[in-house]
Amino acid sequence: MLAECNFTAIEPKWLDRWEKTGIFKTPDDPREKFYVLEMFPYPSGDIHMGHFRNYAIGDVVARFEMMRGRDVLHPMGYDGFGLPAESAAIKNGTHPRNWTFDNIATMGTSLRRMGLTYDWNREVVTCDPAYYKHTQALFLLLFKRGLAYQAPAYVHWCDSCQTTLANEQAKEGTCWRCKGLVCKRKLENCWFFKYSEYAQRLLDDINRLDEWPEGIKIQQRDWIGRSEGCEIDFRLENGERFSVFTTRPDTLSGVTFIVIAPEHPLVELLSKGGPQEKLVESYIQAALLKRDFERTAEGEKDGIFTGQHATHPLTGERIPIFVAEYVLGSYGTGVVMGVPAHDTRDFAFAKKYSLPIKVVISGGPAEYDDAYTGNGLMIDSGELTGTPSPDGIPRVIEYLTQKGVGRTKVNYKLKDWLISRQRFWGAPVPIIHCPACGTQPVPDAELPVLLPEGEVDLLPRARSPLAGRPEFVATTCPKCNGPAQRDPDTMDTFMCSSFYLFRYTDPHNPDEPWRPEEAAKWLPVDIYIGGAEHACMHLLYFRFITKVLYDAGFLSVDEPVRRLFNQGMVKDANGDVMSKSKGNVVSPVAVFDEWGVDVARLAMLSFAASHDDINWKEDGLIGARRLVRKLSDAVRSSDGQPVELALVRQTHQLIAKVTRTMERDLAFNTAIAGIWEFLNSNKCLPRDVAEVLVKLVAPMAPFLAEELWELLGHSESVFQSEWPQFNENLAIDEEVQIVIQVDGKVRGRFDAPASISENDMRERALSHLAIKKHLGNRNPQSIVVVKGRLVNIIL
Ligand code: ANZ
Ligand code: ZN
């Protein structure tokens, strides 16, 4: 049966056996724990190739660690809330829950079929009330710790999703989900988490993430965007004070105008009743339609004079105040001191409005056709004249502090996390608004605040559908018992996925999110495998929530994940991204049906190293099937012959190679290549060696390995056997000398490890200097390779 690669019989057989023996159940009291986690899927249909790859990689790691004697936690669940369920429900006239749980059932069947080592007893589903009760409890924890607040704000609004978005979900002005254009909207009641309060810790602790990809760390540092500078106070002519944030206080004497962001609260006051009022108003409306990166891009700058002036804190000069879109309301203080001589944007602005350009740093050109941003000495700067720039900036800040007009200030680009969404299919915000008592948390005993069942009108109307359901909204105030209203918004689904990894450690706990001692057993996650696209979303949110939970005593770790691994994408045979609209989607389940799960797994793993993108091709399946046949044949025909020293060496080398890829780079393609090569050079295997081979392939092709292991006479699972050890000394490659001949005559030699592959021998011979010279531009007719000894090039 095996020789024909008929997996239809052996797959159910082993799935059943694994289930019955419960060998992948999580041990209660791990001695040497290892927590393997893959990013859980959004249940949008059946699994796709990206899931298949992600989960196959995780499964190899889990099985490998198990065989090494570790106690493994390897859980799976579903990120159940989100918009697609709501859209489907609107289309089909059903409840979003139906669509979601149908998809979960479909995906669950496929994932189980793949033979993944998940402990399904620990499955979590974020849209299950038993789970979102804790999402709401977590919200209240933040609320009670003063980390959740409600405020009116200009927020990102996606018109096609009909909801607000957090900053990182509207990068470059496009919605992370639907890729549609995002605009700004003023909302009165948005919930925010004080993300920015954790900015410094989130930044500092990146330095401890030794086993995270450098690229993710760079993106997170940039997104947090720490900037050291100074706040400087100016006065309006009526005496009122406002401040600007600058990284260049050394240029203070060069200020010739002030610019305020259109969304700044001061703007309305400044122009109100004045001749500029109408103009300013329409300017603001236009600016709000633009995206932040468009507003701050290099190039022409426009703005509008407010009709008001400010007083310079050092010189007392009168300086005009403008509103301009290139200043963002969300950064610093939302007000900038304009220094055209030394800031490029200010220069463009000053040119356009014929404002004076005052040079205060030496070293610039004689004629200014752009700002001078280089080093120099401060000039025309009163008592500070002669101070070096930028080295003297701390001295400038000290001076301004003494004068009482400024202070040192650190700014972060990271903003508070906007958590409320105006959609239905999410965890309701557990807050009650009482006309007498104000904002009240829902008492713990009343959690979860359930979403309505039955027929629901989900059509988006720029406010939460829950707002239109009196039986949901109407409630009583927990404090005064008077009539009150529930908050109609639901939470960002990234909130649900910010703690699921902790919930897996105690998934059925009805009262607490988890017992701290259960979490302490397993955390941190030893390896977290998933795509890199969430660098500044999920992967930053869950670091934040981890720190909050650590501070509150729920966790013993303040970083969730020791090692982060980003797998590459799965593209089609031509290297195009698979998508429904292109019609180039390959279904993993169809591949399992036709080729068997193990052949599919081996093919997937052999295309490239796990972190690289791959192009899915049928060739890979053909190759994998050949490998399966070859291995089965070799194992069946293995016998009791003694193992010769050369083969001992080769075996230890192979063990070393496979072990290292499994613990280090997860480049399973090299492990598979090693097994291939081994089988190619050893037709008939001694039994002991056959056993080693079966173990080495087991994490990658578990059904095949179990079947062969049984064939070799074992009654226990191969995953209960021990991972083969290698001896360093034996694994070290012997050096051999390889002779290069051209038409049978020796023309060169080179040293190489005894295990060098035939391909490498050929390549090294052809690139050998003497040989290249000898060949000139003649092309070899053929090349004969004798492994470990000789390359003969025939002309
Ligand atoms: C005066 C100045 C003079 C500036 C000079 C630069 C050069 P980073 O490094 O990103 O923190 N800025 C401050 N708030 C802003 C806002 N809300 N929107 C747009 N620009 C803003 O940049 C800090 C600098 O960005 C600040 O320093 C300010 O311009 C500008 F020769 O102040 B500077
Ligand atoms: Zn959208």
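Values in this document were obtained by computation on a predicted structure and should not be read as measured data. Atoms considered below: every heavy atom in the structure, side chains included; atoms not considered: hydrogens, waters and symmetry mates. As the structure lists them, so they are numbered: ligands from 1, and atoms in each ligand from 1.
In summary, the atoms of ligand 1 found under 4.0 Å from a heavy atom of Phe245, numbered by their order in the structure, are 11 (O), 13 (C), 26 (C), 28 (C). Proximity to Val339 (heavy-atom distance under 4.0 Å) selects the following atoms of ligand 1: 3 (C). Applying the 4.0 Å criterion to heavy atoms of Met337 picks out, from ligand 1, the atoms 1 (C). Short contacts between ligand 1 and Val327, defined as distances under 4.0 Å to a heavy atom of the residue, involve ligand atoms 16 (C), 17 (N), 18 (N), 19 (C).
Considering Tyr372, Tyr326, Phe347, Tyr412 only, the shortest heavy-atom separation from atom 19 (C) of ligand 1 involves Tyr326.
In this structure, Arg291 places its CZ atom where more than 12 heavy-atom neighbours from other residues, nucleotides or ligands lie under 6.0 Å away.
A donor-acceptor contact closer than 3.5 angstrom is absent between the side chains of Thr306 and Gln276.
At a heavy-atom cutoff of 4.0 Å, ligand 1 is contacted by the side chain of Val336 but not by its backbone.
Using modelled atom types, no side-chain atom of Gln136 and backbone atom of Ala427 make a donor-acceptor pair closer than 3.5 Å. For the pair Asp457 (side chain) and Leu459 (backbone), a donor-acceptor distance under 3.5 Å is present. Under the 3.5 Å distance criterion, the side-chain polar atoms of His264 are matched with a main-chain donor or acceptor of Thr333.
Looking only at heavy atoms of the protein, atom 31 (F) of ligand 1 is closest to His342 O, 2.8 Å. From the protein, the heavy atom lying nearest to atom 3 (C) of ligand 1 is Thr251 OG1, 3.4 Å. The protein atom (non-hydrogen) at minimum distance from atom 10 (O) of ligand 1 is Lys413 NZ, 3.3 Å. Here the protein heavy atom with the shortest distance to atom 6 (C) of ligand 1 is Asp343 OD2, 3.2 Å. Of all protein heavy atoms, the one closest to atom 2 (C) of ligand 1 is Thr246 OG1, 3.6 Å. If you check which protein heavy atom lies closest to atom 9 (O) of ligand 1, you get Ser227 OG, 3.6 Å.
A salt bridge links Asp250 and Arg248; the closest N-O separation between the charged side-chain nitrogens and carboxylate oxygens is under 4.0 Å. With respect to the salt-bridge test (charged N to carboxylate O, under 4.0 angstrom), the residues Glu268 and Lys186 do not qualify.
Relative orientation of the Phe139 and Trp191 rings is perpendicular, given thresholds of 30° and 60° on the angle between their planes. Using cut-offs of 30° and 60° on the angle between ring planes, the pair Tyr326 and Phe349 is tilted.
The shortest heavy-atom distance from Gly332 to ligand 1 is not under 4.0 Å.
Taking the Zn ion (ligand 2) as the corner point, the angle from Cys161 atom SG to Cys178 atom SG is about 110° (rounded to 10 degrees). Our summary of the site lists the angle at the Zn ion (ligand 2) between SG of Cys175 and SG of Cys158 as 120°, to the nearest 10 degrees.
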Discussion item. Determine whether Asp222 and Lys413 satisfy the following criterion, salt bridge (Lys or Arg N to Asp or Glu O under 4.0 Å), listing intermediate values before the conclusion.
Written reply: CA-CA 8 Å; Asp222 282 354; Lys413 294 224 161 66; over 6 Å; no

Fill in: From CA spacing to verdict: ring pair (Phe, Tyr, Trp, His ring centres under 6.0 Å), Phe40, Tyr78
CA-CA 6 Å; Phe40 67 169; Tyr78 302 92; 8.0 Å; no

Item to complete: Carefully, step by step, assess Asp79 and Tyr500 under the rule side-chain hydrogen bond (donor to acceptor under 3.5 Å, both in side chains).
Response: CA-CA 9 Å; Asp79 193 8; Tyr500 78 113; over 6 Å; no

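Distance screen at 4.0 Å: atom 25 (O) of ligand 1 has no protein heavy-atom neighbour inside the cut-off.
By the 3.5 Å distance cut-off applied to N or O atoms, Tyr331 is counted among the residues near ligand 1. Checked against a 3.5 angstrom limit, the closest N/O atoms of Thr247 and ligand 1 fall inside it. When only interatomic distances are considered, the shortest N/O to N/O separation between Leu328 and ligand 1 falls below 3.5 Å.
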